[in-house]
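Being a predicted model, the structure only gives us computed values, none of them experimental. Chain naming here is simple, since letters A, B, ... match the order of the sequence lines and numbering starts at 1 in each.
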Number of protein chains: 2
Amino acid sequence: MAMQAAGTDRPATIHDIAAICGVAASTVSRALSTPDRVNIRTRARIEAAAAELNYTPNSQAKALSSGRTGAVGVLVPDITNPFYFDLIRGTQLQLKAAGYTQLLVDTEESDEVEASTMEQLRKSADGIIVAASRLSDEALLAAAARIPMVTINRDVAGVPAVVIDTPSATSQALDHLISLGHTRIAYMAGPLTSQSSTLRWNALSAAAEDRGVEVRRLGPFAPKTQSGAAAADAAVHSGVTACIAFNDLIAIGMLQRLRERGIRVPEDISVVGCDDIFGADFCNPPLTTMASPIEQAGRVAVSMLLAQLNPLAGGGSRSRSLMPTHLTVRGSTGAAPGTL
Amino acid sequence: MAMQAAGTDRPATIHDIAAICGVAASTVSRALSTPDRVNIRTRARIEAAAAELNYTPNSQAKALSSGRTGAVGVLVPDITNPFYFDLIRGTQLQLKAAGYTQLLVDTEESDEVEASTMEQLRKSADGIIVAASRLSDEALLAAAARIPMVTINRDVAGVPAVVIDTPSATSQALDHLISLGHTRIAYMAGPLTSQSSTLRWNALSAAAEDRGVEVRRLGPFAPKTQSGAAAADAAVHSGVTACIAFNDLIAIGMLQRLRERGIRVPEDISVVGCDDIFGADFCNPPLTTMASPIEQAGRVAVSMLLAQLNPLAGGGSRSRSLMPTHLTVRGSTGAAPGTL
DNA sequence: CTGTTAATGACAACCGATTGCCAAATGATT
DNA sequence: AATCATTTGGCAATCGGTTGTCATTAACAG
């Protein structure tokens, strides 16, 4: 029985199986996907043949005839941003567990690439997960009407979303800085098209007003360590004693620049980051930052999307999930200069 | 003319276009893929209709009938390892430029996952790029016979490969340490299944013998920062004054552990990493490491694979590409203790 | 022993393209 | 004007499955 055509190089099809078992191709298809619609002994023969031929269903053909692709697109603005590493890993694991394939696309921080990718994915994926979308609310809503979608860190009415609650963590960060004696604080903003950046700023300035301290907004800065240099210079020039950066990349970049300029952290200026990405714990000094359950966010996003795709079990799928965050204090924040 | 069925929600097909233009579907197909096989005016009409309907070819159908999927699988052992970030970005950019889609898969450092992924990709991808394969030479060779493949950092006769020449960089690192007065040096090994680790060790011990210094091998250690703690303890316990780690993750983890234990770097012990990943420049102290052109390696791998897929232009495709590396000296290496 | 029902499996259409083959149309040639 | 070469474009098969329809069969109740 081991002598089956080892010479036939190309993958086995249901037709090969059907020929061997003397049944119709459709019977094979049913035996494999709807087992109880087929005689148990026939099924056994078919399964045996399939195993022997090392049969794997052709996903293209499956997708074409059934309409389901078994793939989910994951769109991120920048693959090399460590923030997305954990996110990608979270989606990957959860998708694989559910038998789906992940199509990862780097949209290069471009709304156009993002939009065209969505249009293409409409045919080749069953749904998409969009992280930190750069699209307008309208465009996003329109796209969501064409393909099942879950967004991450982008809240638009009508589109299921996973939101990491960094805004509320910013007030924690603010209180932390205030308790250290800081009164002149800056927010180093991220891209103008980033909703997260806007929400963080809104939360921060509201909290600042509430506490009666001054917080000014600087930037915008690109979410890369290289931008940290400009951010550091801007912060120093503005005369603040502490700053809260849009994300860890900017914060880490600031740390490097401040060190170059001989400005001590946290003695001369305190720096707070956001996301707690890879590297935040071993930079110099270690970064005080708002920790986000990023990988978990990815998993939740997948769960929400799959619930949307297979509305079987009555469990009403939530359309919005808020992930909690908390401040992780490390060495980059300290007492304000002049404080005893 | 703007009044075309806006209500029809599903994507346009060549049949829709054919109906509008009053030609056969095959003519549409030809007009779009073999323009000169079709009358220029007919083609113009078809193109106009296609544009108006916002037509995008269905990639599944295309793949099914043509046999080409337009996708390339990229297999990495661990998505969250920063080393692969740049690699992935390199492949992504080059693939997109060539009109291919990237299917990224995390094989979880498992040879079984790797093998089964390859089998599946055989139908859904035109070729694959395998980074740091954990498979045996035989398995890899067998797989390469079934699907066009290019490996990265894995040299097996008969399989096109991109190899980052870290082994030769290890002698540079060794000379660097020797010139600083170190004579007792350790190599903190990576996974046993990693060919890179073995090659580096071979190159290193050969060079050490040549220079007449002692280099011992410790480990193996998993390529994660967490393993750095064990590596640091092992290094300290062995009494060496310098060590060369399999990669930056281990090195950075060592840095953290040594700091915890109050052991100064580089005063008490010097540490050299490998790869120059994200974080190597801003850890504390900044890491001396062997810099690799990782993103470029990804691009080259894609080029080699595509040359293999489309052997059109006579340019004989090389089957092996060696990427140069160099030592980047930062703060984690210094004079051996006891040296003046 | 017959009638009814449920289980079973074969047939064929279809998903959306590609592509070989052939016929019609065009144009050039003599 | 008739003939031949060359375009041009339609038909239909094909890729590998899924799925609706329907005939057949077996099992059971009466």
Here the residues of residues 40-49 of chain B within 4.0 Å heavy-atom distance, strictly under, of DNA chain C are none

Between the side chains of B/Arg89 and A/Asp78, is the shortest nitrogen-to-carboxylate-oxygen separation below 4.0 Å, so that they form an ion pair? yes

Below 4.0 angstrom, which residues in residues 14-30 of chain A have at least one non-hydrogen atom near DNA chain C? A/Val23, A/Ala24, A/Ser26, A/Thr27, A/Arg30

Please confirm whether the shortest side-chain N or O distance from B/Tyr55 to OP1 or OP2 of C/dG16 is below 4.0 Å. no

Inter- and intrachain pairs under side-chain hydrogen bond (donor to acceptor under 3.5 Å, both in side chains), touching residues 58-69 of chain B, at least two apart: B/Thr69-B/Asp126

From the options D/dT8, C/dG16, D/dG16, select the nucleotide whose nearest atom is closest to the side chain of B/Arg37. D/dT8

Could you tell me the separation between the CG atom of B/Asn58 and the C1' atom of D/dC15, rounded to a whole number of Å? 13 Å

Run the side-chain donor-acceptor check on residues 25-42 of chain A: report pairs under 3.5 Å with partners two or more places apart or on a different chain.
from	atom 1	to	atom 2	distance (Å)
A/Ser33	OG	A/Ser29	O	2.8
A/Asn39	OD1	A/Arg41	N	2.6
A/Asn39	OD1	A/Thr42	N	3.4

Which atom pair, heavy atoms only, marks the closest approach of A/Met149 to A/Ala144? CE-N, 3.7 Å

Between atom CG of B/Asn153 and atom OG of B/Ser133, what is the distance when rounded to the nearest 0.5 Å? 11.5 Å

Rounded to the nearest 0.5 Å, what's the gap from CE on B/Met118 to CD1 on B/Ile128? Could you check? 4.5 Å

Atom of A/Val23, atom of A/Ile46 and distance for their closest heavy-atom approach: CG2-CD1, 4.2 Å

Could you check how far NZ of B/Lys123 sits from C1' of D/dG16, rounded to whole Å? 10 Å

Counting heavy atoms from C-beta on, name the nucleotide in D/dG17, C/dC15, D/dC15 closest to the side chain of A/Ala61. D/dG17

The answer to which of A/Leu64 and A/Arg68 contacts DNA chain D further toward the 5' end, by nearest nucleotide, is A/Leu64

What nucleotide, of C/dT19, C/dA17, D/dG17, holds the atom closest to the side chain of B/Ser66? C/dT19

Taking only residues two or more places apart in sequence, or in another chain, which ones meet B/Lys123 in a salt bridge (charged side-chain N to carboxylate O under 4.0 Å, His left out)? none

Do A/Asp86 and B/Thr80 touch side chain to side chain, with heavy atoms closer than 4.5 Å? yes

What protein N or O atoms touch nucleotides 23-26 of chain D N or O atoms at under 3.5 angstrom, if any, and at what distances?
none

Would you call A/Arg134-A/Glu112 a salt bridge at under 4.0 Å N-O? no

Within this structure, what is the CG-to-P distance between B/Asn39 and D/dT6, rounded to whole angstrom? 19 Å

Assess whether a salt bridge exists between A/Arg154 and A/Asp137, defined as any Lys/Arg side-chain N lying under 4.0 Å from an Asp/Glu carboxylate O. yes

